[in-house]
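Worksheet: the structure to be examined is printed underneath.
Both ligands and their constituent atoms are indexed starting at 1 by order of listing. Any value given below was found using the heavy atoms of this structure, including those in side chains, with hydrogens, waters and symmetry copies removed.
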Amino acid sequence: MTSTTELAVVILAAGQGTRMRSRTPKVLHPVGGRPLVGHVLDTAAALDPHRIVVVVRHERERVAATVAELAPGVVVVDQDEVPGTGRAVEAALDALTDFDGDVLVLSADVPLLEPATLAGLLDTHRGGGTAVTLLSARVDDPTGYGRVIRDDSDAVARIVEQKDASPDEAAVGEINVGVYVFRAAPLRDQLAHVGTANAQGEKYLTDVVGLLREARLGVAASLTSDASAALGVNDRVQLSQAGLTLNARTVRRWQLEGVTVVDPASTWIDVTATLAPDVTILPNTHVLGATTVAAGATIGPDTSLRDCEIGEDATVTRSDATLAVVGPGATVGPFSYLRPNARVGEGGKVGTFVEVKNSVIGAGSKVPHLSYIGDTEIGERVNLGAGAITANYDDIAKHRTVIGDEVHTGSHNVFVAPVTIGDGAKTGAGAVIRKDVPAGALALSVAPQRNIEGWVEKNRPGTGAADVAARARSTQEAADGS
Ligand code: UD1
Ligand code: CA
C-alpha cells in the first residue's frame, strides 16, 4: 500500500508580503481570530504528518515566535537571500535530508483549504504515481495567480506566473493554488536546475513542474471543487475576502450544531470560540477569542464578547465584554461594559450604562443603572441603587470595596475604598460612604435639607424664575386666605 509512504509538510512563510503594505508580516495578519499561518499549521497538523517544516525569513523573529507558540515542536528553517518559493522549499529540504517520502508544500498565505481537500490531493497523488500532483482551481478572475498550462492532450505541461504569461496564457482560467505533493527525491533533483531568469528574478517552485514533465517523471493537477477555499491572500482586499469566507463557514458549522444565528452576514465568530446548542446570536454580534457560550444563552444584538465565559440561559444585550464571566441565568445590558475579571454571579444583573472591572457580583445581586464597579466584591442578593460609584483609586493606589449579602444601597452613592459594608446594611440616597458600615446599620452621610424661603425673588429679581415664583406665592397666599 502506498499510503504507508511518509509525509512531510512544508509551509512557506518567508515572503515579504509587500502588497499588504503593513508593518505586520503578512502571514501574521489574522482572519477568524487566528493568524494566516496558524490556519495553515492547523490544517497541516490535521493530516498527522511525520514532520512539519516552516520556512521563514522576512520578520523572522516575529513569525518564528508565533509558529513556536501555535505549534510547539514544529521545525523552523531559514531561507537565505535568494528569493522565491523554490528557494524556500530548498531550505526546507535541507532540514529533511534523510527524508524520502511525500512532501506536501503549503503556502502560509492560502489559509482556507480544508484537511479533507488535502487528504484527497494526497490520495490522488499516491494513486497516480506521479512525481508531483498540484492542486488547481477554476476562478472567475485568475489575475495574479500562476496559470496551469496544459498540452494538446490536456495533460499538465507547466505553470506560468502572471508576470511571465503571454496574453494567451493569461487568458487561461485554471490557476495554481500554490499547494503541491511532490515525491522528495525528484523534487530535490529538479530544484537544483531552477534558475531565476524570470520577470521577478526569483527561484520559482512552479518551474519544477515543467522540469519534471520534461524529465518524464509524471505531473498531474487535481482540480478542487471549492475554488473559494483556494484564495491566496496577497493584499487587504483578499484578506477581507478570506475573513468573509471563513466566517460564513464557521457560522454555518455552529448553525448545524444547533446554534440559532439570526443574521450570518452581521455575525462574526472566531474559530477559537465555542457555542453550545440552543444558543441564540442576534444580529451585529462578535464572538471572539476563547469565548465560550453555554446552552440557552442569548447574545446580542450589537454585542462584542472577547475571551468571555457566558453561562447557561444568560442574556447579554448591546454590550461589550472582555475576559468576563457571566453566570447562569444572569443578564447583562443593554449598554454594559464588562472589563477583565468582571464576574457576574448566577441570576445576577448588570444593567444599563454600567461598567464593571475586576469585581465579583454575587449570585442574585443587581447593579441595574448608571454605575462604575471596580475592584469590588459584592455578596449575594444585593441591590445597588442607581448611580453607584466605587471610588477605587486615590491617586496612588487601587483599593477594594467589600459589600456583604442582602445589602441595599440608596441612589447615587459613592463608596470610597477601602471600605466594607456589612451584611444586610442599607445606605441613604446620595451617601458618600467613607467609613465601614456595620452589618444591619443604615448609613446616612447627607446633611438634612434646609429651605430658604423667598431666596429667588430676593437674589434674582426680574428673572423669569422670580416672576413665576412670585405668582405661585401669591396664589398660594390667596388659597391660604391670608
Ligand atoms: C504563488 C505561486 C503561484 C500561485 C500562487 C497561489 C510561485 C512562483 N507562484 O504566487 O503560481 O498561483 O502562489 O497563491 O510559487 N514565500 C517564501 N519565500 C519567498 C517567497 C515566497 O517562503 O522567497 C512564501 C510566501 O510567504 C507565501 C508563499 O510563499 O506564503 C507564496 O508567495 P507569494 O509571493 O505570495 O507568491 P504568489 O505571487 O502569490
Ligand atoms: Ca500569494
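Judged as a side chain to side chain donor-acceptor pair (under 3.5 Å), and not counting sequence neighbours, D320 has no contacts. Looking at residues two or more places apart in sequence or on another chain, you find no side chain to side chain donor-acceptor pair (under 3.5 Å) involving K366.
Side-chain polar atoms of D375 and H399 form no donor-acceptor pair below 3.5 angstrom.
Of the charged side-chain nitrogens involved, at least one lies within less than 4.0 Å of a carboxylate oxygen, so that R51 and D98 count as a salt-bridged pair. Ion pairing of E174 with R150 is present here, as a side-chain N (NZ or NE/NH1/NH2) and a carboxylate O approach within less than 4.0 Å. Classification of D78 and R57 as a salt-bridged pair fails, no side-chain N sitting under 4.0 Å from a carboxylate O. One finds no salt bridge joining R158 and E214 here, because no Lys/Arg side-chain nitrogen approaches an Asp/Glu carboxylate oxygen to under 4.0 Å.
A 4.5 Å side-chain heavy-atom check between N358 and R400 finds at least one atom pair inside the cut-off.
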Task: Pair T303-H286, side-chain hydrogen bond (donor to acceptor under 3.5 Å, both in side chains): steps then yes or no - done: CA-CA 6 Å; T303 292; H286 300 228; over 6 Å; no

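Contact residues of ligand 1 (protein heavy atom closer than 4.0 angstrom to a ligand atom; sorted by chain and number): L12, A13, A14, G15, R19, K26, Q79, P83, G84, T85, A88, S107, A108, D109, V110, Y145, G146, E161, N176, V177, Y204, T206, N234.
With a cut-off of 3.0 Å, the protein N/O/S atoms near the Ca ion (ligand 2) add up to 2.
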